[in-house]
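Lettering of chains follows the sequences in order, A, B, ..., and the numbering in each one begins at 1.
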Amino acid sequence: MPNLATADTAERLALLEETIQDLLKEAKRRGASAAEAVVSNTTGLDIAVRLGEVETVEHTRDNGLGISVYFGHRKGSASTSDLSPGAVRDAVRQACSIATHTQEDRCAGLAPAALMAGEVPDLDLSHPWDIAVEDAVSLAIACEDAARAADPRIVNSEGASFGTTAGLAVYGNSHGFVGGYPSTRHELSCAVVAKEGESMQRDYWWTTARAPEDLEAAEAVGRRAAERTVGRLNARRIGTCEVPVLFRADVATGLLRSFAGAISGGNLYRRTSFLLDKLGEPVFPEFVRIYEEPLRPRGLGSAPFDGDGVATSAKDLVTDGVLKTWLLDHYSACRMGLTTTGNAGGARNLSIGLGRDNRAAMIRRLDRGLLVTSLMGQGVKMITGDYSRGAAGFWVENGEIQYPVEEITIAGNLADMFKGLVAVGNDHDFASSITTGSWLIDRMTVAGE
Amino acid sequence: MSDTLAIARSQILAPVGLDDGHLERLVGALHSPAIDAADIYFQSSRLQSWVLEDGIIRDGNFNIEQGAGLRAIAGEKTGFAYSDELQFPALAQAAEAARAIAGSGGEASVATGTTPAVARLYQPLNPIDSLADADKVALLHRVDAEARRADPRVKQVIASLVAVQDTILVIADDGRMSADVRPLIRLNVSVVVEEDGRREQASSGGGARRDLSWFLDEDRALGFAREAVRQALVSLEAGPAPAGTMTVVLGAGWPGVLLHEAVGHGLEGDFNRKGTSAFAGRMGERVAAAGVTVVDDGTLPQRRGSLSVDDEGTPTSCTTLIEDGILAGYMQDRLNARLMGMAATGNGRRESYAHLPMPRMTNTYMLPGDKDPEEIIASVDKGLYAVNFGGGQVDITSGKFTFSASEAYMIENGKVGRPVKGATLVGNGPDVLTRVSMIGNDLRLDDGIGTCGKDGQSVPVGVGQPTLRVESLTVGGTAG
C-alpha cells in the first residue's frame, strides 16, 4: 500500500479518495442518512533569511480530515489531522455522537444531487517546485539584497521569506460525488526597515503564484519593498478634515472583500449585512462591474467546485452598478428560500472592471486629499456598514504627492463609499485572487491632529 | 508537575510506543556540537464546540490534533520540522531534516530527566468531560432564552460553547522534560437587535482555564447574555462618533487592549534583538507617565492567558515591562534571551506543534493608581468615555497602533452623556502612555476572551487595566 509521504500525486489522490469512501461507509454503517467529508494532504518548504543569513528552514507536512454527518436534518461534525484508519473511524463516531444532541434544522443537509459538479475540469493549478533548500535560500537572499542595496536609508531588515506548498484536497459526499485535485502555491516576500533621523518605518512587498515562472523576479520584489518603505519616512500627521480619498490598488482589495462579505449568505439570512434587500438595486455608480471567475486557469482563488460539491461558474455580481446576485452556499440559500450560487467558501477570483487611468492620473484626479497606502485594525461593521480604520499614506495637493502621513483614521459608511466611488484606476500591480485598480472615493472623514 | 508528566506520557507517548530510549535518541539526533539549542514539542489536543442559532443547536464539532515539532538552533539559525505521525521513524526523519540547518556532525548523547516542580496554575482536567453534552446544550438554550427575555428587540441570538484540553510535553536539549495539561473554556453570545429598521449587533462572553461549571456559577453565562443585549441596545441609540484629537477616558478591564497594542508587542524580545521595534535601545528611558507600571504576568491562576510552563518548558513569570513610567523589561523566549544575553521570561509560545515558538504576551495589565473612577470622569470637560473595545493592531516599527471602541459615550462637563458609535482610536506606542494623566483604583482583568495574532499564529491572552484618563488621543469618527 502506498504511503502518503512517498507516493506520487496520482497515488496520493487515490489514497485520499479511498479515505473519503471509508468515511462515508462508516457514517452509513452508523446510521447516518447522509454525510460529506473533505481530506487533504499538503507538503511544503518555508525559508526565512535575514541580513544575508538563513534564519529558519521549515519542512511542513499537514494532513487534515473533516466530516459532517446528517441524521435526517440533525448535523454533527468532527475533524482531525490523523488520517489513520483508526482515527477515521473515531472521527465518524465523534461526529455521530455530536449529532445525537443537535436539533432538527430543515436546511441541514447536502446540496441537491443534481447540482453536484460533473466532470472536474483541470484548472492548471498544480506546478510543484522541487527546489533545493540552498536554491530557495539563494532566492530569498537575492530578494533581500536587492532591497538593502536599493537605498542607503534601508538600515535594517525583517528579512525575506520563500515558501512553496503542494496540496491535495478531496471532497466527497453520500450523493456519490467525489472530486479532488492537486494545487500548488509559491511565494516570495521581503520586509525591510528604513531610518532617517528619528523616523523609522517598515514596509514589505510580495509575489505569489501557482507556477514558479509566474513569480515576479526576486530583485524586483526587493526593490519594491525598499521603495515602499523609504516612501513612508518622515511621515507627519494632518489636521481633521473631510476630503476625497484614493485607496491604492493593493489596499482597495479590502473594500472588495467587504462588499463580498456583505452579499454573502451567512450575513444575509442572519440579517447582519448593510446590503440586505438590495438585490436588483444600484449599490455602485453605473460604470461599475464586479465579477467572479472561479474557473480561471492558474487563478489564486480558482476551484472547480465549491465546499458543497456544487460546480462553480463565472458570473457578474454587479452590472452597471446594480447588484445582480448574492453569494450563497446551500445552507444559506435554503434559509432564504433560494438556490445555492456555488459559493460555499466565498467568492473566487473577484474582479472589478478597471478604468483607463494609471496611478499618476488617479492622483491627479484626486487633486487634493488623501492617498491611503496602509490600513490598520478591524473597524468595519458589517451590520451597519460603518467604517473607521487607522490609516497611513500620502497627502496630495494640486494632483501631486506632497508628503507621507500617518497616525490618522479614515471614517465613513461602506454603502456611501460604494455609491461615492468616482473612478477605478487601471493600476492593478500585485498578485492576489482579487483584481482591482485604485479606488477614488468622493468624500470621507479624516481624523488627525 | 509529576502528574501532568504522567498524563502527557500516557496520552501522547504510550499509544505510539515511544519510550525514554526513543526520546533520548531523537534529542541526540537533533543535538550535534554545532547546535546551540534543540527541543522536541509533543502535543495532543481535543476540542469540542457547540453552536446555537435561531433557538436550535445547529452544529457541533469535535477536533483531535496531535503531533510533534522538532527544532535545532545554531546561532541565529533555526531548523524545524514537524510530523503528525508520532511513530519513531517519522520523528527520526523530522529530526534529520531539522538538524540539517547546522550541517553534518556527530550526534550527541543525552539522558532524559524531569524539570523541577513548578506551581500549578490550573487543574490538569479535561473540560470536555466536565459537563454532560446534554447539559452543555441546555446551557446554550438558557443563554438564548435569557437574551430574548431581556428585550423584545432581540431578533437573533448566536451562542457558542468551546472546551479544549491541550496536553504538551517538551524535551529540551539537556534531556529535561516538562509537561503541561491545559484546560480552556470559552462561551460567546452574539445578538442582533432591530428597531424601526435600524439593526445593531453586539457580543459578550468569557473564558478561563477551568471546568465548564464556571459558566453555571452565579449564572455567569446568563450575565454574558444580558451584557450582549445591553451593548446592542446602547448601539441602537448611538449617534455619530466625533473625529479629531481629544481627551479619552478608557474604562477598566478589556480596554487594556491599549497596552497590548501600544507597548506589549513592541516589548517582545525578537523585535528588540533585531532592532526593528520603536522601543529598541530605549531600556531605562521614560516611555510613560510617572505612576504607570505595566506587567506581563503568566502566573495568574486559571486565567485564559496563563501557563504553568511556556511552550519551551520555562516556568512563566510576572515580568515588569514599565516601572513607574520607565522602560524596564522585555518578554523573552529562549532563543532571543540567549542572543541578547538575558534570561528567558517564560514567554516562548506557539500556536501548535506545527509552528515555531516566539516571544508572546500572556496576561498584560497596568497596576492600579489611587483615583476614584468617578473622579476621573468628573475631571473631563469634554471628551470621550470608551468602555468596550473590539480588537487592535500595531506597526511595531513606527510604533503606530489602533484599537476599535465598540461602546463609547461623550463626556460633557464631567458627566457621561449620549452614546456614540464605535470608532477606531489611533496613537503612537512610545508616547501614548506619557499622556496618561489619571490612573484609577479599579484594576480589572478582562473576562477571558482575548486571542492575539502574530506572524499568522494565534494564542489565547489576557489584558487588564484600571480606568485611565489619556490626553489627546485621536478618535476616528465622522462628526466634526
Practice item. Would you indicate whether the side-chain heavy atoms of Ser398(B) and Arg232(A) approach each other to under 4.5 Å? Key: no
Review point. Is Glu53(A) salt-bridged to Lys77(B), cutoff N-O under 4.0 Å?
Key: yes
Review point. Taking atom types as modelled and ignoring hydrogens, do the side chains of Ser81(A) and Glu65(B) form a donor-acceptor contact shorter than 3.5 angstrom?
Key: yes
Point to revise | Engaged part of Lys400(B) at the chain A interface, taking heavy atoms whose separation is under 4.5 Å | key: both
Practice item. Let me see the working for Arg58(B) and Tyr331(A) under side-chain contact (heavy atoms from CB on, under 4.5 Å), right down to the final yes or no. Key: CA-CA 11 Å; Arg58(B) 234 197 86 182; Tyr331(A) 181 81; 3.3 Å; yes
Revision key, fill the gap. Whatever's closer than 4.5 Å to a heavy atom in chain A on Val51(B) counts as neither
Review point. Tell me, do Leu356(B) and Glu58(A) make a side-chain contact under 4.5 Å, heavy atoms counted?
Key: yes
Review point. So, do Trp50(B) and His101(A) sit near enough that their side-chain heavy atoms are less than 4.5 Å apart?
Key: yes
Study note, to complete from the structure: Per-residue tally against chain B (heavy atom, under 4.5 Å) across Leu276(A), Asp82(A), Ile410(A), Asp90(A) peaks at Leu276(A)
Check your understanding: Has Lys454(B) got more than 12 heavy atoms of other residues, nucleotides or ligands less than 6.0 Å from its NZ?
Key -> yes
Check your understanding: Quick one: do the Asn63(B) and Ser79(A) side chains pair a donor with an acceptor below 3.5 Å?
Key -> yes
Study note, to complete from the structure: When the 4.5 angstrom heavy-atom criterion is applied to Glu261(B) and chain A, the contacting part is neither
Check your understanding: Among Met246(B), Glu194(B), Gln66(B), Lys155(B), who wins on heavy-atom pairs under 4.5 Å with chain A?
Key -> Glu194(B)
Practice item. Answer with side chain, backbone, both or neither: which region of Asp270(B) has an atom nearer than 4.5 Å to a non-hydrogen atom of chain A? Key: neither
Practice item. For the residue pair Glu53(B) and Arg270(A), establish whether any side-chain heavy-atom pair is separated by less than 4.5 Å. Key: yes
Practice item. Please look at Tyr70(A) and chain B and tell me whether the side chain, the backbone, both or neither of the residue comes under 4.5 angstrom of a heavy atom of that chain. Key: neither
Point to revise | Any side-chain heavy-atom pair of Phe80(B) and Val57(A) under 4.5 Å | key: no
Study note, to complete from the structure: Under 4.5 Å to a heavy atom of chain B? For Arg443(A) that would be neither
Point to revise | Residue from Asp105(A), Thr102(A), Ile98(A) passing side-chain contact (heavy atoms from CB on, under 4.5 Å) with Ile57(B) | key: Thr102(A)
Revision key, fill the gap. Taking every heavy atom of Gly390(A) against every heavy atom of Thr402(B), the minimum-distance pair comes out as CA-CG2, 3.6 Å
Exercise for review: Measure Tyr353(B) against the heavy atoms of chain A and call it side chain, backbone, both or neither at under 4.5 Å.
Suggested key: side chain
Study note, to complete from the structure: If one checks every heavy atom of Ile73(B) against chain A at 4.5 Å, the contacting part turns out to be neither
Check your understanding: Taking the side chain from Thr272(A) and the backbone from Gln201(B), do they hold a donor-acceptor pair closer than 3.5 Å?
Key -> no
Check your understanding: Is the closest side-chain heavy-atom distance between Thr397(B) and Glu158(A) below 4.5 Å?
Key -> yes
**Study point:** Audit row: Val54(A), Glu76(B), side-chain contact (heavy atoms from CB on, under 4.5 Å) steps and yes/no
**Key:** CA-CA 8 Å; Val54(A) 181; Glu76(B) 297 182 29; over 6 Å; no
Point to revise | Options Ala411(A), Ala99(A), Ala78(A), ranked by heavy-atom pairs under 4.5 Å with chain B, top entry | key: Ala78(A)
Exercise for review: Could you tell me whether the side chains of His141(B) and Gln103(A) share a donor-acceptor contact shorter than 3.5 Å?
Suggested key: yes
Review point. Measuring from Ser277(B):OG to Met200(A):CE, what's the distance to the nearest 0.5 Å?
Key: 6.5 Å
Exercise for review: Determine the minimum heavy-atom distance between Lys381(A) and Ser235(B), stating which atoms define it.
Suggested key: NZ-OG, 3.9 Å
Revision key, fill the gap. Under 4.5 Å to a heavy atom of chain B? For Asn413(A) that would be neither
Point to revise | Structural part of Ser157(A) lying under 4.5 Å from a heavy atom of chain B | key: backbone
Point to revise | Closest contact, heavy atoms only, Thr409(A) versus Thr424(B) | key: CG2-O, 3.7 Å
Practice item. Quick one: closest heavy-atom pair of Ser404(B) and Gly379(A), and the distance? Key: OG-N, 3.8 Å
Review point. Mind checking what makes disulfide (SG to SG under 2.5 Å) contact with Cys334(A), not counting sequence neighbours?
Key: Cys107(A)
Review point. Where on Val193(A) is there a heavy atom nearer than 4.5 Å to chain B: the side chain, the backbone, both, or neither?
Key: side chain
Review point. Using non-hydrogen atoms only, which part of Glu407(A) is less than 4.5 Å away from chain B: side chain, backbone, both, or neither?
Key: both
Review point. Would Gln156(B) and Arg271(A) count as a side-chain contact (heavy atoms from CB on, under 4.5 Å) if you check the C-alpha gap in whole Å, the side-chain angles of each, and the deciding distance to 0.1 Å?
Key: CA-CA 9 Å; Gln156(B) 172 69 277; Arg271(A) 299 184 61 76; over 6 Å; no
Review point. Quick one: what part of Thr78(B) sits under 4.5 Å from any heavy atom of chain A, side chain, backbone, both or neither?
Key: both
Point to revise | Under 4.5 Å from any heavy atom of chain A - which part of Ala74(B) | key: neither
Exercise for review: Tell me, for Ser273(A) versus chain B, whether the close heavy atoms (under 4.5 Å) come from the side chain, the backbone, both or neither.
Suggested key: backbone
Review point. Heavy-atom distance under 4.5 Å between the side chains of Thr474(B) and Glu449(A), does that happen here?
Key: no
Review point. Cation-pi between Arg93(A) and Phe62(B): NZ/CZ under 6.0 Å from ring centre and within 45° of the ring axis?
Key: no
Review point. Does a side chain donor of either Thr384(A) or Arg198(B) reach within less than 3.5 Å of an acceptor in the other side chain?
Key: no
Review point. Would you say the side-chain atoms of Ser388(A) pair up with the backbone N or O of Gly477(B), donor to acceptor, closer than 3.5 Å?
Key: no
Exercise for review: Could you note down all residue pairs passing salt bridge (charged side-chain N to carboxylate O under 4.0 Å, His left out) where residues 63-78 of chain A supplies at least one of them, sequence neighbours left out?
Suggested key: Lys75(A)-Asp59(B)
Revision key, fill the gap. Honestly, the part of Ile67(A) sitting under 4.5 Å from a heavy atom of chain B is neither
